[in-house]
Amino acid sequence: MALIVHKYGGTSVGSPERIKNVAKRVAKARAEGHDIVVVVSAMSGETNRLVALAHEMQEHPDPRELDVVLSTGEQVTIGLLAMALKDIGVDAKSYTGWQVALKTDTSHTKARIESIDDEKMRADLAEGKVVIVAGFQGISSEGNISTLGRGGSDTSAVALAAALKADECQIYTDVDGVYTTDPRVVPEARRMDTVTFEEMIELASLGSKVLQIRSVEFAGKYKVRLRVLSSLQDGGNGTLITFEEDDNMERAAVTGIAFDKNQARINVRGVPDKPGVAYQILGAVADANIEVDMIIQNVGSEGTTDFSFTVPRGDYRQTIEILSKLQDSIGAAAIDGDDTVCKVSAVGLGMRSHVGVAAKIFRTLAEEGINIQMISTSEIKVSVLIDEKYMELATRVLHKAFDLG
Ligand code: ASP
Ligand code: MG
């Protein structure tokens, strides 16, 4: 008998029928003798609907009140799931985030979890109840309702699993695991039985939408055994996120290809090539809370240089505005950019021991006539920035070049 946390996303609880199916799945696990804590999202589309409603009231909704509104979606699904379980004879009890004292900091709409009180949940489990907890929400240190950022129910589930020292955290979703790339783009994409935690962190941060990145970070920090499974089909072991690299197996150089359209490139042209320029440019961007990702500074000639970097696409206009105001004081000849770019990345722990992975990526893209605008590398990933119209082509040819199908 184990203690297992199940998490069901919006699609999995998207209709009364689907909620009843979730109840059956939970009942089955319970009948096998396991203690079950269930975390649910809002019904699919519900959080978007609530966000839109809030924007009808205020152009920039008040963050505290926005969280009051957003947290209601999950409150509906926990109650409905508890009813569905009772209806098939399984004792269950639902809790909102504040009721289980999932405490967070005060940054509304993107709060971070600080602590969880597991006492009530343990008492219910001891009485044989299934415990159902609303994902995505908590209570701030000031006593206000908070939410954890879009996709945050994954993080709720992992955090509860960590607090309860659960044997496994199972994320049930509309795909049956983690794939070598998005199967909607590359039909040959393959489900992985296991993926290492380090690779999953990279895949999540580079555009794979299967898990919210913070949930993966949490799993790493607290060593939570995490598994991604399908809620729509029966059977299958999904993908287990592992902490050990199995060194008796010859690792492939690359395990997955990720892509991300949420990118824009900014160019600051003809700036004086002298100390402090990068700080002047990027300092101003950081002060506006805009996240900079890839950065390139060319070797200057005749005392000037070109400086380029990427920001999330939603911050493109604001970044151009900020730098245009500073253009004279920086001494830049021109400021421009492009918000029709995307980032394609190859990820794999095996890169550490294989030379030439980057060269192979560049050759593969060159053969398709795809121009690389920027490159960034780490020990286990190579990313390139390219025109977004080549995103799917680049993903397909790289998936093939590294034999991932
Ligand atoms: N309902 C929230 C959202 O749509 C949280 C989640 O589903 O994980 O982002
Ligand atoms: Mg999700």
Side-chain angles (χ1 to χ4, degrees), residues 5-16 18-19 21-22 37-55 61 63-81 94-100 102 104-105 107-113 116 132-140 144-162 169-175 178 200 203-205 207-219 224 226-232 238 241 260 262 312 314:
V5 174
H6 284 198
K7 182 259 167 177
Y8 294 91
T11 328
S12 311
V13 293
S15 67
R18 290 203 170 160
I19 294 175
N21 274 333
V22 166
V37 174
V38 189
V39 175
V40 285
S41 293
M43 295 171 85
S44 55
E46 178 63 7
T47 309
N48 288 342
R49 188 183 76 87
L50 296 168
V51 169
L53 276 176
H55 279 94
R64 179 191 183 277
E65 304 310 329
L66 182 57
D67 277 351
V68 169
V69 173
L70 292 190
S71 63
T72 60
E74 274 74 9
Q75 185 165 337
V76 171
T77 44
I78 54 170
L80 292 178
L81 180 59
S94 70
Y95 291 105
T96 62
W98 64 265
Q99 284 179 305
V100 288
L102 190 149
T104 72
D105 64 13
S107 36
H108 283 288
T109 73
K110 46 178 188 294
R112 289 188 167 264
I113 299 173
I116 294 176
I132 306 168
V133 181
F136 179 54
Q137 55 174 265
I139 182 161
S140 79
N144 295 310
I145 294 173
S146 54
T147 65
L148 309 177
R150 298 304 306 269
S153 297
D154 292 343
T155 302
S156 307
V158 176
L160 284 166
C169 180
Q170 301 180 342
I171 309 279
Y172 288 89
T173 174
D174 48 1
V175 290
V178 181
M200 196 62 225
L203 290 171
S205 70
S208 159
K209 299 267 180 328
V210 184
L211 289 172
Q212 195 204 34
I213 173 148
R214 269 167 61 192
S215 72
V216 188
E217 288 167 356
F218 224 101
V224 173
L226 188 59
R227 192 186 288 278
V228 177
L229 301 139
S230 166
S231 68
L232 304 176
I241 289 112
D260 183 6
N262 181 22

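We count ligands from 1, going down the list as the structure has it; atoms in each ligand are counted the same way. Remember, it's a predicted structure, so these values are computed and weren't measured experimentally.
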- [ ] Give a yes/no on ligand 1: does Gly152 have at least one heavy atom closer than 4.0 angstrom to it?
- [x] yes

Open item on the list: Does Arg227 have more than 12 heavy atoms from other residues, nucleotides or ligands lying within 6.0 Å of its CZ?
Closed with: yes

Open item on the list: Can you classify the ring geometry of Tyr8 versus Tyr172 as parallel (below 30°), tilted (30 to 60°) or perpendicular (above 60°)?
Closed with: parallel

TODO: Say whether Gly73 and ligand 1 are in contact under the criterion: heavy-atom distance to a ligand atom below 4.0 Å.
DONE: no

- [ ] Go through ligand 1 atom by atom and flag the ones less than 4.0 Å from a non-hydrogen atom of Arg150.
- [x] 3 (C), 4 (O), 9 (O)

Task: Where ligand 1 meets Gly151 - atom numbers and elements under 4.0 angstrom, heavy-atom basis - done: 3 (C), 5 (C), 6 (C), 8 (O), 9 (O)

TODO: Search all heavy atoms of Ser156 against all heavy atoms of Ile113 and return the closest pair with its distance.
DONE: CA-CD1, 4.5 Å

Task: Subset of ligand 1 atoms that lie under 4.0 Å from at least one heavy atom of Glu74 - done: 1 (N), 2 (C), 5 (C)

Task: Close side-chain approach of Ser41 to Lys7, heavy-atom, < 4.5 Å - done: yes

Task: Lys7-ligand 1 polar pair, N/O distance under 3.5 Å - done: no

- [ ] Before signing off on this row, confirm whether Phe136 and ligand 1 have an N or O atom pair separated by under 3.5 Å.
- [x] no

TODO: For Thr47, take its heavy atoms, then give the atoms of ligand 1 lying under 4.0 Å from any of them.
DONE: 1 (N), 2 (C), 3 (C), 4 (O)

- [ ] Could you list the residues that satisfy side chain to side chain donor-acceptor pair (under 3.5 Å) with Asn144, not counting sequence neighbours?
- [x] Arg64

TODO: Out of Gly45, Gly10, Ser153, indicate the one that has the non-hydrogen atom closest to atom 8 (O) of ligand 1.
DONE: Ser153

Open item on the list: Just by distance, no angles: are the side chains of Gln212 and Thr155 close enough, under 3.5 Å, to form a donor-acceptor pair?
Closed with: yes

Open item on the list: Do Val13 and Leu80 have side chains that approach each other closer than 4.5 Å (heavy atoms only, starting at C-beta)?
Closed with: no

Open item on the list: Please tell me whether Asp67 and Ser146 have a donor and an acceptor in their side chains that are separated by less than 3.5 angstrom.
Closed with: no

- [ ] Have a look at ligand 1 and work out which part of Gln212, if any, has a heavy atom under 4.0 Å from it: side chain, backbone, both or neither.
- [x] neither

Open item on the list: Within ligand 1, which atoms have a heavy atom of Ser41 less than 4.0 Å away?
Closed with: 6 (C), 7 (O), 8 (O)

